[in-house]
Amino acid sequence: MSSPSRTEAKKDQFVGNTKETVGSAVGNESLESKGKAQNNAGVVQETAATVQGYVEGAVDQVSGAVKGAYNSLTGNTTGEAGNKVQEKKGEAQKNFNSSV
């Protein structure tokens, strides 16, 4: 199974909403129903993409912090700096995905 994509999710929401609206306007219940289902699938995909991004950010944040602490204790300042970057990247990714 591939990673959920916000772009695909938004596309499904838009196309589904369009089908639902047109189906309703012309009295085509089948098209309306299919549009509603596609729109809902897009909402679920978007939520999954957001959760996945948040979890990936949390992993980066924790991993960077742990590796940074280890490098600090062992005197590896180059490694420590790189791990700080990973930690901050994870923190930013978590923040982005929690505000979507």
Side-chain angles (χ1 to χ4, degrees):
M1 185 174 156
S2 64
S3 300
S5 159
R6 280 197 185 91
T7 304
E8 285 297 313
K10 289 293 188 188
K11 183 184 93 177
D12 278 347
Q13 289 173 34
F14 176 78
V15 171
N17 190 41
T18 302
K19 286 179 183 177
E20 183 179 357
T21 302
V22 170
S24 177
V26 299
N28 184 331
E29 290 179 16
S30 175
L31 182 61
E32 184 179 359
S33 175
K34 287 177 183 174
K36 186 176 281 193
Q38 186 173 1
N39 187 340
N40 289 339
V43 170
V44 169
Q45 289 171 354
E46 184 177 21
T47 301
T50 299
V51 168
Q52 180 180 353
Y54 184 88
V55 169
E56 288 171 354
V59 168
D60 264 352
Q61 185 180 17
V62 170
S63 181
V66 169
K67 290 175 186 173
Y70 174 79
N71 285 327
S72 176
L73 291 171
T74 61
N76 182 348
T77 55
T78 304
E80 184 180 3
N83 295 126
K84 281 284 184 203
V85 170
Q86 181 182 8
E87 180 181 358
K88 292 298 180 187
K89 174 186 160 225
E91 185 177 333
Q93 188 173 359
K94 271 180 44 186
N95 289 338
F96 173 78
N97 284 288
S98 64
S99 66
V100 174

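The basis for the numbers below is simple: all heavy atoms, side chains too, and nothing from hydrogens, waters or symmetry mates. Computed from a predicted model, the values in this text were never measured in an experiment.
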Rounded to the nearest 0.5 Å, what separates atom [atom1] in [X] from atom [atom2] in [Y]?
X     : Y     : atom1 : atom2 : answer
Asp60 : Gln93 : CG    : CD    : 6.0 Å
Asn71 : Asn83 : CG    : CG    : 5.0 Å
Gln38 : Thr18 : CD    : OG1   : 9.0 Å
Thr7  : Glu46 : OG1   : CD    : 10.0 Å
Lys67 : Lys84 : NZ    : NZ    : 14.0 Å
Glu91 : Gln86 : CD    : CD    : 13.0 Å

Exercise for the section: For the residue pair Val22 and Leu31, establish whether any side-chain heavy-atom pair is separated by less than 4.5 Å. Expected result: yes

Closer than 3.5 angstrom, by distance alone: can the side chain of [X] be matched with the main-chain N or O of [Y] as a donor-acceptor pair?
X     : Y     : answer
Ser98 : Asn95 : yes
Ser24 : Glu20 : no
Thr21 : Asn17 : yes

Handout entry: salt_bridge(Glu32, Lys19) N-O dist < 4.0 Å
Key = no

Problem - With Gln61 via side chain to side chain donor-acceptor pair (under 3.5 Å) - residues at least two apart - result: Lys94

Problem - Intermediate values then yes/no, side-chain contact (heavy atoms from CB on, under 4.5 Å), Asn97 and Arg6 - result: CA-CA 11 Å; Asn97 284 288; Arg6 280 197 185 91; 2.3 Å; yes

Problem - From CA spacing to verdict: side-chain contact (heavy atoms from CB on, under 4.5 Å), Gln45, Ser5 - result: CA-CA 7 Å; Gln45 289 171 354; Ser5 159; over 6 Å; no

Practice task
Could you check Thr50 against Tyr54 for side-chain contact (heavy atoms from CB on, under 4.5 Å), going step by step and ending with a plain yes or no?
Solution key: CA-CA 6 Å; Thr50 299; Tyr54 184 88; 5.7 Å; no

